[in-house]
Amino acid sequence: MLTFQTPPTLQLSFAPKQSPQIAFSSKNASLALQNSNNNQLIQSLCKQGNLKQALRILPNESKPTQQTYEFLILSCIGRNSLSDGLDVHRHIVENGFDQDPFLATKLINMYSHFNSIDNARYVFDKTRERTVFVWNALIRALALAGRGEEALSLYGQMNQNGIPSDRFTYPYILKACVSSSYSSISLLHKVKEIHGHILRHGFESHVHVATTLVDVYARYGYVAQAAQLFDEMPERNVVSWSAMIACYAKNGRPSEALELFREMIAKTQSDVPNSVTMVSVLQACAALAALGQVKLMHGYVLRRGLDSILPVINALVSTYAKCGCLEIALRVFDRMNRRDVVSWNSMISGYGLHGFGVEAVQVFRRMIGSGISPSSITFVSVLGACSHIGLVDEGKKLFKSMVSQHGIFPSAEHYACLVDLLGRAGRLEEAIRIIEEMRIEPGPTVWGSLLGACRIHCNVELAERATHRLIKLEPTNAGNYVLLADTYAEAKKWDEVSRVKKLLEAQGLQKVPGCSWIEIKKKIYSFISVDEINSQIEQLHALLVQLVMEMKEKGYVPETKFVLYELDQSEKEQIVLGHSEKLAVAFGLINTSKGETIRISKNLRLCEDCHSFTKFVTKFTERDILVRDVNRFHHFRDGICSCGDYW
DNA sequence: ATAGGGTTAG
C-alpha cells in the first residue's frame, strides 16, 4: 500500500487551518467562484503574489482540478519559491491528486527547477502509473543536475520495465552521458551504445535527436563523427547548423566553421542564422584572428538586427580584442547599455591580451564598483593580465581577495595563473612553494605554468621536476617534452636534449609545428616553419636573407640558444630564419602597403629570435607589426615591442 | 505536457 510519507528532504509544514486573513473575504471569494471558475480566482491571487492565500482558499471554497494545480505549480516555478512548491505538493496529496501522472510530471519538473532532486525522485517513486512523461521528466531532472549515471540507470530500468522510450528520451539520455563522470573512453563507448539504441528505434533522422548527437560527439572532439551525422541528416534547421558550426569553432577548425556558415547562407532560405549561430561564427573569427572577417560578420549582425543581444555583443567585444583591435572592442563595450559579468570579463581579458595590465585591473575595479559580482573566470582574466605585465604584488593581492572579499575558492586554473605570475617574474622558488602548499590537486595547468617559467629562466632542475609530473598527467602532450628539451638546449645539455627527443619519438609523438598566418584582403595565408627552403617560399626567403644581412649591420644578432640541434652558428641561424613568423612577416611586407599595420598570428609562443627580428624589422622598414602569439599580442613599432620584452 | 545549438580564461 502506497501512502504519502514525508521523506527527510521533503519538509512539508502543514499550514494551520485557520480562516485566511485576507483582503478578500471568504464571501467575496465564494461570489467570485460562482461567477467564474475557480482557476480564475486562484490565478488572480497568484498574480497578486498571494500564493499562500490561494492555497488556503483552495480546499474550503472550491473543487480544484488538475488544471488548477498545474497552474499553481507553474506559478511556484515563476516565483522561484520552493516553499510554495512544497505547499502545493502537499495540497495535491491531500486532495487526492497524488496519483495523477500529469501532475507528477509537472512536480518532477518543478523540483528539477529547484534542483531538489530527492524530492523529484520521491514523486517518481510514489507514482504508480508511470507514463513515458514521468520517466522522461526524472531522466531530464537527473541529467540536468549532473547526475548522469543515475539518469542512465533509470533509462536501463525503463527498458527493463518495457516502457518504450520516445524521441524526447534520447536528447535527455545523451545529455546524461555528458553530465556523467565517466572517463572519456568509457563515455565514448556509452554514447555509441546510446547511438545504437537510437538507430534501432529509428530516431536517428529525428532533427532534435540527431542535433543532440552532433553536439555530443562535438563536445568530445569527435569532429568527423559529428560531421558525418550532420551530412546524413535528412532534415536540418538553424539549430543543427549552429551545432555543427560550433563544433568546428570549438575544435580548432575555425576555417571550416566559417565555410559552413557561408554554406548555410547560400543553401537554405529557411534556416536563417540567429544570435546563437553568430556567437559561434565570431568565435571562429577570433580563433583565426581574422579582423576582416569579423568586420564582415559585424555587418551581418547589424543587418539582421542581432546587435542588441547581449551574448552577441559580448562575443563582438572579445572577438575584436582577440583580432588585435582593442579600440573597436572598447568602443563596442562603452556603448553597451547593459553589461553582464561576461561583458566585463571580455574587456578585462582584452586588456590583458594586449599587455595593458593596469587598465585591466582598473576595469576590474569599475566592475566591482558597478555592483557586478566577479566570477571565477574574472579572476583568471585579471590574474592573467597581471602576469603578462609582471604586476606581481597586485596579482598576489587579487588572488588573496578571491576568498576574503568575493567568496570564490581558487581552482587549479587560478593557481596556474599565480604560478605563471611568479614564475615569469623569475620567482620560481616562491612558485614551487605555492604548488607544494596547494590544498587541491595541482593539475596539468599548474605544472605547465611552472615548466613554462622554467623554460624562460632556464631552470633545469625545476623543469625536470615539472615535466616528471606532467608526463604522468598528460602523457601525449608533446609540448611538455619540447619545453624541457628547450631548457636543456639553452643549458647546452646536448645529451639530455637527444634523450628527450628519443623519448618523444618512442611514443610516436611529434612536436607541434610552428604555424603563422596573415589575413590579406580578407584571405588567410598560412606558413609552417621549415628547416629547409622550398620553391614556394623562395621569394620570401630571399627577402629575409637580405633583411637579415642589412639588419645585422645595424646590430641585429640572431638568437639561437634554444635550437634543438648541436650545430654551428650559421646552421642555427638558417633554422631560425625558417620560422613561420618570419615568413609571414616577409609575406606581409610584400603584400601590404606602407603605413598599413601588418597583423600576424602564431600558434605557439613567439621565440626570442623572431621577437628581436621583428623589432628590428619595424625599425628598419618603418612599419608597424602586430603579432598575436598563443598567449598575447605584441605591438612592434620603431624597434620596440609593447610587451617590453617580458612575455 | 517533455526535446536540440551560443558568450568570458589559460
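From a predicted model like this one, the values you see are computed outputs, not experimental measurements. Chain letters run A, B, ... following the sequence lines, proteins first, then strands; residues in each count from 1.
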Legend entry - Base of B:dA3 and ring of A:Y172 stacked, centres under 5.5 Å, planes under 30°: no

Legend entry - Nearest listed nucleotide, side chain of A:S275, among B:dG6, B:dA1, B:dG4: B:dG6

Inset, instruction - Figure out the CZ/P separation between A:R130 and B:dA1, and round it to whole Å. - result: 23 Å

Inset, instruction - Give, for atom CD of A:E193 and atom CG of A:L187, the distance between the pair rounded to the nearest 0.5 Å. - result: 11.5 Å

Inset, instruction - Would you please say whether a donor-acceptor pair under 3.5 Å links the side chains of A:S411 and A:H414? - result: yes

Inset, instruction - Determine the contact category for A:V238: base if any of its heavy atoms lies under 4.0 Å from a base atom, sugar-phosphate if only primed atoms, P, OP1 or OP2 are that close, otherwise nothing. - result: base

Inset, instruction - May I ask you to check whether A:S381 and A:T378 show a side-chain donor-acceptor distance below 3.5 Å? - result: no

Inset, instruction - Examine B:dG6: is either OP1 or OP2 under 4.0 Å from a nitrogen or oxygen in the side chain of A:K250? Give yes or no. - result: yes

Legend entry - Any donor-acceptor N/O pair under 3.5 Å between B:dG5 base and A:N274 side chain: yes

Inset, instruction - Answer with yes or no whether A:S242 presents, from its side chain, a donor or acceptor under 3.5 Å of a partner atom in the base of B:dG5. - result: yes

Legend entry - No-hydrogen, no-angle side-chain donor-acceptor test under 3.5 Å, A:T277 and A:N274: yes

Inset, instruction - Select base, sugar-phosphate, or nothing to describe what A:T105 touches, counting heavy atoms under 4.0 Å on all strands. - result: base

Inset, instruction - Test A:M110 against every option in A:V88, A:L72, A:I73 by the side chain to side chain contact (heavy atoms under 4.5 Å, CB included) rule and name the one that passes. - result: A:I73

Inset, instruction - Mind checking A:A246 for me? I need base, sugar-phosphate or nothing, with any heavy atom below 4.0 Å counting as a touch. - result: sugar-phosphate

Inset, instruction - Report the distance from atom CZ of A:R140 to atom C1' of B:dT2, rounded to the nearest whole Å. - result: 8 Å

Inset, instruction - Starting from C1' on B:dT7, measure out to CG on A:D307 and report it in whole angstrom. - result: 16 Å

Inset, instruction - Would you tell me whether A:N109 and A:S112 have side-chain atoms, one donor and one acceptor, within less than 3.5 Å of each other? - result: no

Inset, instruction - Could you tell me the separation between the CG atom of A:L306 and the C1' atom of B:dG6, rounded to a whole number of Å? - result: 12 Å

Inset, instruction - Determine the contact category for A:N631: base if any of its heavy atoms lies under 4.0 Å from a base atom, sugar-phosphate if only primed atoms, P, OP1 or OP2 are that close, otherwise nothing. - result: nothing

Legend entry - Rounded interatomic separation in angstrom, taking CZ from A:R628 and C1' from B:dG10: 13 Å

Legend entry - hbond_proxy A:N237 side chain to B:dG4 base (donor-acceptor, 3.5 Å cutoff): yes

Legend entry - Residues from residues 312-328 of chain A lying under 4.0 Å of DNA chain B - heavy atoms: A:N314, A:S318, A:K322

Inset, instruction - Give the nucleotide from the list B:dT2, B:dA3, B:dG6 with an atom nearest to the side chain of A:N136. - result: B:dT2

Inset, instruction - Round to the nearest Å and state the distance from A:I198 atom CD1 to B:dA3 atom P. - result: 16 Å

Inset, instruction - Under 4.0 Å between any heavy atoms, over every strand shown, what does A:S240 touch: base, sugar-phosphate, or nothing? Just pick one. - result: base

Inset, instruction - Please determine, by modelled atom types, if A:H298 and A:Y320 share a side-chain donor-acceptor pair under 3.5 angstrom. - result: yes

Legend entry - Whole-Å gap separating P (B:dA9) and CZ (A:F399): 19 Å

Inset, instruction - Quick one: label A:T277 by what it contacts on the DNA or RNA (base, sugar-phosphate, nothing), any heavy atom closer than 4.0 Å. - result: base

Legend entry - Spacing of A:L144 atom CG relative to B:dA3 atom C1', expressed in whole Å: 11 Å

Inset, instruction - Among B:dG5, B:dG10, B:dT2, find the nucleotide with the atom closest to the side chain of A:E413. - result: B:dG10

Inset, instruction - Output the single nucleotide from B:dT2, B:dG6, B:dG4 whose closest atom is nearest the side chain of A:V239. - result: B:dG4

Legend entry - Distance below 4.0 Å between A:T211 side-chain N/O and B:dG5 OP1 or OP2: no

Inset, instruction - Measure the distance between the ring centre of A:H208 and the centre of the six-membered base ring of B:dG4, then answer whether it is under 5.5 Å with planes under 30°. - result: no

Legend entry - Contacts of A:E263 that satisfy side-chain hydrogen bond (donor to acceptor under 3.5 Å, both in side chains) - sequence neighbours left out: A:K267

Inset, instruction - With sequence neighbours excluded, tell me which residues meet side-chain hydrogen bond (donor to acceptor under 3.5 Å, both in side chains) with A:E150. - result: A:R147

Inset, instruction - Ignoring backbone atoms, establish whether A:Q283 has a side-chain N or O less than 4.0 Å from OP1 or OP2 of B:dT8. - result: yes

